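By convention in this document, chain letters (A, B, ...) are assigned in the order of the sequence lines, proteins followed by strands, and residues within each chain are numbered from 1. Computed from a predicted structure; not experimentally measured.
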2 protein chains.
Amino acid sequence: MSPKDQDARNGSQLYNRIAVLRAERGLSRQELADAVGVNYQTVGYLERGDYNPSLELAFRISEFFKLPVEVIFSREPFKPLSEEVYGHTNEALKKDR
Amino acid sequence: MSPKDQDARNGSQLYNRIAVLRAERGLSRQELADAVGVNYQTVGYLERGDYNPSLELAFRISEFFKLPVEVIFSREPFKPLSEEVYGHTNEALKKDR
DNA sequence: ACATAATATTGTACTAGTACAACAATTTGT
DNA sequence: ACAAATTGTTGTACTAGTACAATATTATGT
């Protein structure tokens with residue numbers, strides 16, 4: 001199947017933070033792709049959720065970012081990292097969440 | 001490709017502890033398979049390393065065992081769980097390892 | 001020792017993950 | 001504003017993961 005039919009394949013889709021992590025580190029897809037040993041378009045497919053990585057690739061990515069697999073991939077949508085990290089520091093803002 | 005050619009596909013193989021974890025819980029492959037929603041032969045293929053699970057399946061398995069993905073799957077061979085847990089309690093035995 | 005359950009083997013078929021190429025669109029630096 | 005880099009799109013092709021079925025082998029209970 002061609003990766004163009006992204007939407008035809010839903011029901012077992014995972015979420016990931018590759019795009020954010022990559023952006024944080026100021027890397028291009030090409031650079032990340034090289035680092036984990038895949039084609040740069042594959043990184044694109046992963047970032048926009050066209051399909052899931054193999055477990056092997058997930059491990060390589062997780063190793064590259066030095067983060068546990070479950071921090072990068074999840075069955076539940078991620079809340080923004082920013083919120084997760086700083087969201088609990090200002091008590092005054094908490095009421096409207 | 002047919003899963004029979006296990007050995008033709010090496011170089012990106014992962015290790016896992018599915019068999020041990022399943023044994024510890026006294027489950028048959030069929031039962032585990034049902035629990036994580038795959039064919040029971042798929043569990044067999046995974047256990048003897050014929051191929052890796054998808055990341056999605058790895059997550060379901062990890063969820064089922066209530067263990068982090070990296071405790072069940074690894075790029076490095078696992079040392080026996082028994083050793084990992086109890087291997088450091090008897091100092092006298094340590095010299096011959 | 002026999003029946004049953006569990007695991008292994010072989011074979012076929014389908015789907016998901018990955019690579020690669022060519023070109024379009026968008027972003028970014030100067 | 002333009003050139004270069006980055007990202008998106010479409011299309012093709014190959015490999016890895018999964019299902020399923022049928023039969024063989026091995027373990028387990030009584």
Side-chain angles (χ1 to χ4, degrees), chain A residues 1-65 69 72-75, chain B residues 1-65 69 72-75:
Chain A
M1 173 204 269
S2 159
K4 68 172 178 295
D5 326 59
Q6 321 96 302
D7 308 84
R9 190 205 286 127
N10 285 332
S12 68
Q13 201 57 34
L14 299 176
Y15 302 86
N16 73 75
R17 277 170 163 159
I18 300 180
V20 205
L21 295 170
R22 183 172 64 79
E24 282 187 333
R25 284 154 178 83
L27 297 170
S28 73
R29 288 190 181 155
Q30 182 64 68
E31 291 170 305
L32 175 56
D34 290 350
V36 300
V38 292
N39 190 278
Y40 81 101
Q41 324 209 80
T42 296
V43 174
Y45 293 138
L46 300 180
E47 288 193 348
R48 57 190 113 86
D50 280 1
Y51 52 63
N52 303 327
S54 66
L55 181 55
E56 232 280 327
L57 178 51
F59 266 114
R60 296 207 299 275
I61 295 173
S62 134
E63 206 164 275
F64 173 78
F65 285 123
V69 172
I72 309 182
F73 302 94
S74 163
R75 311 180 69 195
Chain B
M1 172 205 268
S2 157
K4 69 172 176 299
D5 325 59
Q6 322 96 300
D7 308 84
R9 191 205 286 126
N10 283 333
S12 68
Q13 200 57 35
L14 299 177
Y15 302 86
N16 72 75
R17 276 170 164 158
I18 299 179
V20 204
L21 295 170
R22 184 172 63 79
E24 282 187 333
R25 285 156 179 79
L27 296 170
S28 73
R29 289 190 179 156
Q30 182 63 69
E31 292 169 306
L32 174 55
D34 290 351
V36 301
V38 293
N39 191 278
Y40 81 101
Q41 323 207 81
T42 296
V43 174
Y45 293 138
L46 299 180
E47 289 193 347
R48 57 190 112 88
D50 280 2
Y51 52 63
N52 303 326
S54 66
L55 181 55
E56 232 281 325
L57 178 51
F59 267 114
R60 297 206 299 275
I61 294 174
S62 136
E63 206 163 274
F64 173 78
F65 286 122
V69 172
I72 309 180
F73 303 94
S74 163
R75 311 181 69 196

Problem set entry | Difference in axis direction between the ends of the helix from C:dA1-D:dT30 to C:dT30-D:dA1, five pairs, 10° | 70°
Check whether any side-chain N or O of [X] sits under 4.0 Å from OP1 or OP2 of [N], and answer yes or no.
{"X": "A:Asn52", "N": "C:dA16", "value": "no"}
{"X": "B:Arg22", "N": "C:dT7", "value": "yes"}
{"X": "A:Ser54", "N": "D:dA16", "value": "no"}
{"X": "B:Asn39", "N": "D:dC20", "value": "yes"}

Seminar exercise, completed: Across all chains, not counting sequence neighbours, the side-chain contact (heavy atoms from CB on, under 4.5 Å) partners of A:Arg25 are A:Leu21, A:Leu27, A:Phe65
For this session: Give a yes-or-no answer on whether the side chains of B:Gln13 and B:Asn52 include a donor-acceptor pair shorter than 3.5 Å.
Result: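 A donor-acceptor contact under 3.5 Å links the two side chains.
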Candidates [options] - which lies nearest the side chain of [X]:
{"X": "B:Ser28", "options": "C:dA6, D:dC20, C:dT18", "result": "C:dA6"}
{"X": "B:Leu46", "options": "D:dT18, C:dG17, D:dC20", "result": "D:dT18"}
{"X": "B:Tyr40", "options": "C:dT7, D:dT18, D:dT7", "result": "C:dT7"}
{"X": "B:Val38", "options": "D:dA19, C:dT18, D:dG17", "result": "D:dA19"}

For this session: Look at A:Glu63 together with B:Arg75 and state whether they make a salt bridge at an N to O cut-off of under 4.0 Å.
Result: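 The answer is yes: the pair qualifies as a salt bridge.
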Rounded distance (Å) that lies between atom [atom2] of [N] and atom [atom1] of [X]:
{"X": "B:Asp34", "N": "C:dA5", "atom1": "CG", "atom2": "P", "answer": "15 Å"}
{"X": "B:Gln41", "N": "C:dA5", "atom1": "CD", "atom2": "P", "answer": "17 Å"}
{"X": "A:Asp50", "N": "D:dT9", "atom1": "CG", "atom2": "P", "answer": "8 Å"}
{"X": "B:Arg48", "N": "C:dT7", "atom1": "CZ", "atom2": "C1'", "answer": "8 Å"}
{"X": "A:Glu47", "N": "D:dT7", "atom1": "CD", "atom2": "P", "answer": "7 Å"}
{"X": "B:Arg29", "N": "C:dA5", "atom1": "CZ", "atom2": "P", "answer": "17 Å"}
{"X": "B:Gln30", "N": "C:dA8", "atom1": "CD", "atom2": "P", "answer": "14 Å"}
{"X": "B:Leu14", "N": "C:dG17", "atom1": "CG", "atom2": "C1'", "answer": "15 Å"}

Exercise. Want to settle it: does B:Leu27 or B:Leu55 sit nearer the 5' end of DNA chain C, counting the closest nucleotide to each?
Worked result: B:Leu27
Exercise. If each of A:Thr42 and B:Glu31 is mapped to the nucleotide of DNA chain C with the nearest heavy atom, which maps nearer the 5' terminus, i.e. the 5' end?
Worked result: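 Its nearest nucleotide lies further toward 5', so the answer is B:Glu31.
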For this session: Report yes or no: does B:Arg60 contribute a side-chain atom to a donor-acceptor pair with the main-chain N or O of B:Val36 at less than 3.5 Å?
Result: yes
Exercise. Any donor and acceptor pair, going by atom type alone, linking the side chain of B:Glu31 with main-chain N or O of B:Ser28 inside 3.5 Å?
Worked result: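 Yes, B:Glu31 side chain to B:Ser28 backbone: donor-acceptor pair under 3.5 Å.
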For this session: Taking the side chain as every heavy atom from C-beta outward, state whether A:Val69 and A:Leu55 have any pair of such atoms under 4.5 Å apart.
Result: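 The answer is no; the side chains never approach within 4.5 Å.
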Exercise. Considering all heavy atoms of both residues, which atom of A:Leu46 and which atom of A:Asn16 are nearest to each other, and what is their separation?
Worked result: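 For A:Leu46 versus A:Asn16, the nearest heavy atoms are O-ND2, 3.0 Å.
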